[in-house]
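Below: the structure, in C-alpha cells.
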Amino acid sequence: MNILVNGALAEGPEDPRVSLLDFLRDHQGLTGSKKGCNQGACGACTVLANGERILSCLALAVQYEGQEIITIEGLGTADNLHPLQQAFVEHDGFQCGYCTPGQICSAVGMAAELQRGVPSHVTQALDTSSIAMTRDEVRERMSGNLCRCGAHNGIVDAILETFAEVTE
C-alpha cells in the first residue's frame with residue numbers, strides 16, 4: 001500500500017488501524033499536523049486529501065491508498081512560504097502556533113470549495129455558482145478550526161487577503 005505524501009511516495013503502515021494523523025506524524029516524521037482533541041472537534045489535524053480538507057485524526061491511513069495527501073510541510077518551506085503562510089505572519093494570524101498548520105490547510109481547502117461554488121450555512125444566494133468570500137463566509141467555513149489564543153481576526157484577515165481573487 002502506498003500513499004503520495006507531499007509529492008513523495010510513502011509506504012503505508014502495516015497495521016490497518018493506524019490513523020492518517022499518526023501515520024503522518026509517527027511514520028513519516030511530519031509533525032506539523034497536530035493531535036489536539038483526537039475527536040475531530042478542533043481542526044488541528046487538518047490536511048488536504050486530493051485537494052479537499054479532512055480531519056486526519058478521524059481517517060485511517062489505509063483509506064488513502066494511492067491518493068495524494070498534502071500537509072503543512074507540503075504547502076511551503078521556511079525559504080519559500082505559501083502565500084497564506086506569509087499572510088499569517090503579516091497579520092499575526094498565529095500566537096502559540098499549535099492550530100496554525102490545521103488553520104492554513106483548512107483555509108486552502110476552503111478557498112477551493114468557494115471556487116467550486118460549494119455553499120455554506122451562511123451563503124445567501126444558493127442559485128449562483130459564484131460565492132463571495134466575505135468575512136461571514138470565512139468565519140463560518142473556518143468554524144471547525146479552533147484557536148484558543150484568540151488570533152481569529154488575524155486568521156480571517158490573512159485568508160481574505162490571500163484568497164480575495166478566488167471569487168472575483
Side-chain angles (χ1 to χ4, degrees), residues 2-12 19-38 40 42-59 61 63-116 118 120 131 133 137-149 151-168:
N2 292 312
I3 303 171
L4 190 62
V5 179
N6 296 332
L9 208 53
E11 187 175 329
S19 73
L20 181 58
L21 177 61
D22 289 340
F23 171 70
L24 294 169
R25 290 181 58 80
D26 300 339
H27 298 254
Q28 299 302 303
L30 299 170
T31 57
S33 303
K34 303 296 190 255
K35 187 178 283 193
C37 66
N38 211 28
C42 73
C45 67
T46 305
V47 297
L48 299 168
N50 299 319
E52 294 192 22
R53 55 188 174 160
I54 64 162
L55 300 168
S56 63
C57 73
L58 296 180
Q63 293 175 273
Y64 293 91
E65 179 178 4
Q67 298 185 44
E68 181 181 23
I69 303 296
I70 302 291
T71 68
I72 192 70
E73 293 91 346
L75 287 178
T77 65
D79 297 330
N80 186 23
L81 295 176
H82 183 280
L84 184 56
Q85 290 171 314
Q86 184 63 46
F88 262 63
V89 171
E90 292 169 3
H91 290 279
D92 292 327
F94 64 92
Q95 293 194 16
C96 78
Y98 196 84
C99 73
T100 304
Q103 295 272 2
I104 291 173
C105 285
S106 186
V108 169
M110 178 214 55
E113 291 167 9
L114 269 171
Q115 199 165 33
R116 290 192 316 269
V118 177
S120 76
I131 300 170
M133 184 179 285
E137 278 288 346
V138 170
R139 286 185 184 282
E140 170 64 22
R141 291 171 185 269
M142 294 298 294
S143 65
N145 289 82
L146 305 179
C147 171
R148 288 168 175 81
C149 297
H152 293 286
N153 289 331
I155 291 167
V156 171
D157 290 343
I159 293 168
L160 287 170
E161 177 184 289
T162 303
F163 297 116
E165 76 285 348
V166 166
T167 59
E168 290 180 351

Original post:
Which pairs pass side chain to side chain donor-acceptor pair (under 3.5 Å) with one or both residues in residues 64-74, sequence neighbours excluded?
Top reply: N6-T71, N50-Q67, T71-E73
Subject >> Between CZ on residue F163 and CG on residue L84, distance to nearest 0.5 Å >> reply: 5.0 Å
Original post:
Any side-chain heavy atom of T46 sitting closer than 4.5 Å to one from L55?
Top reply: yes
Subject >> salt bridge (Lys or Arg N to Asp or Glu O under 4.0 Å) contacts touching residues 74-97 (sequence neighbours left out) >> reply: none
Original post:
For residues 26-37, which residue pairs qualify under side chain to side chain donor-acceptor pair (under 3.5 Å), counting only residues two or more places apart or in two chains?
Top reply: D22-K35
**OP:** Kindly check if the number of other-residue, nucleotide or ligand heavy atoms within 6.0 Å of CZ (R116) is above 12?
**Re:** yes
Subject >> Interatomic distance, F23 atom CZ to I3 atom CD1 [nearest 0.5 angstrom] >> reply: 4.0 Å
Subject >> Any donor-acceptor pair under 3.5 Å from Q85 side chain to I104 backbone >> reply: no
Original post:
If you measure from CD1 on I54 to CD on Q63, what distance do you get to the nearest 0.5 Å?
Top reply: 8.0 Å
**OP:** Identify the heavy atoms of L75 and C105 that sit nearest to each other, and give their distance.
**Re:** CD1-SG, 4.0 Å
**OP:** Taking N145 for its side chain and C99 for its backbone only, find out whether a donor-acceptor pair lies under 3.5 Å.
**Re:** no
**OP:** Just grab all the salt bridge (Lys or Arg N to Asp or Glu O under 4.0 Å) pairs involving residues 94-113, residues at least two apart or on different chains.
**Re:** R53-E113, E113-R141
I'd like a table of donor-acceptor pairs (distance under 3.5 Å, sequence neighbours excluded) in which one partner is a side-chain atom from residues 151-160, with atom names and distances.
{"residue": "H152", "atom": "NE2", "partner": "C147", "partner atom": "O", "Å": "3.3"}
{"residue": "N153", "atom": "OD1", "partner": "R139", "partner atom": "NH2", "Å": "2.8"}
{"residue": "D157", "atom": "OD1", "partner": "R135", "partner atom": "NH1", "Å": "3.2"}
{"residue": "D157", "atom": "OD1", "partner": "R135", "partner atom": "NH2", "Å": "2.6"}

Original post:
Can you check whether Q103's main-chain N or O pairs, donor with acceptor, with S106's side chain at less than 3.5 Å?
Top reply: no
Subject >> Between CG on residue L20 and OG on residue S56, distance to nearest 0.5 Å >> reply: 5.0 Å
Original post:
Which distance, rounded to the nearest 0.5 Å, do you find between the CD1 of I72 and the OG1 of T100?
Top reply: 8.0 Å
**OP:** Quick one: list whatever passes side chain to side chain donor-acceptor pair (under 3.5 Å) with H91, sequence neighbours left out.
**Re:** E161
Original post:
Has the side chain of S19 got a donor or acceptor atom that lies under 3.5 Å from a matching backbone atom of C57?
Top reply: no
**OP:** Report yes if the side chains of M110 and M133 come closer than 4.5 Å at any heavy-atom pair, otherwise no.
**Re:** yes
Subject >> Distance, nearest 0.5 Å, that separates CZ of R148 from SG of C96 >> reply: 9.0 Å
Subject >> Distance-minimising heavy-atom pair for Y98 and A44 >> reply: CE2-CB, 4.3 Å
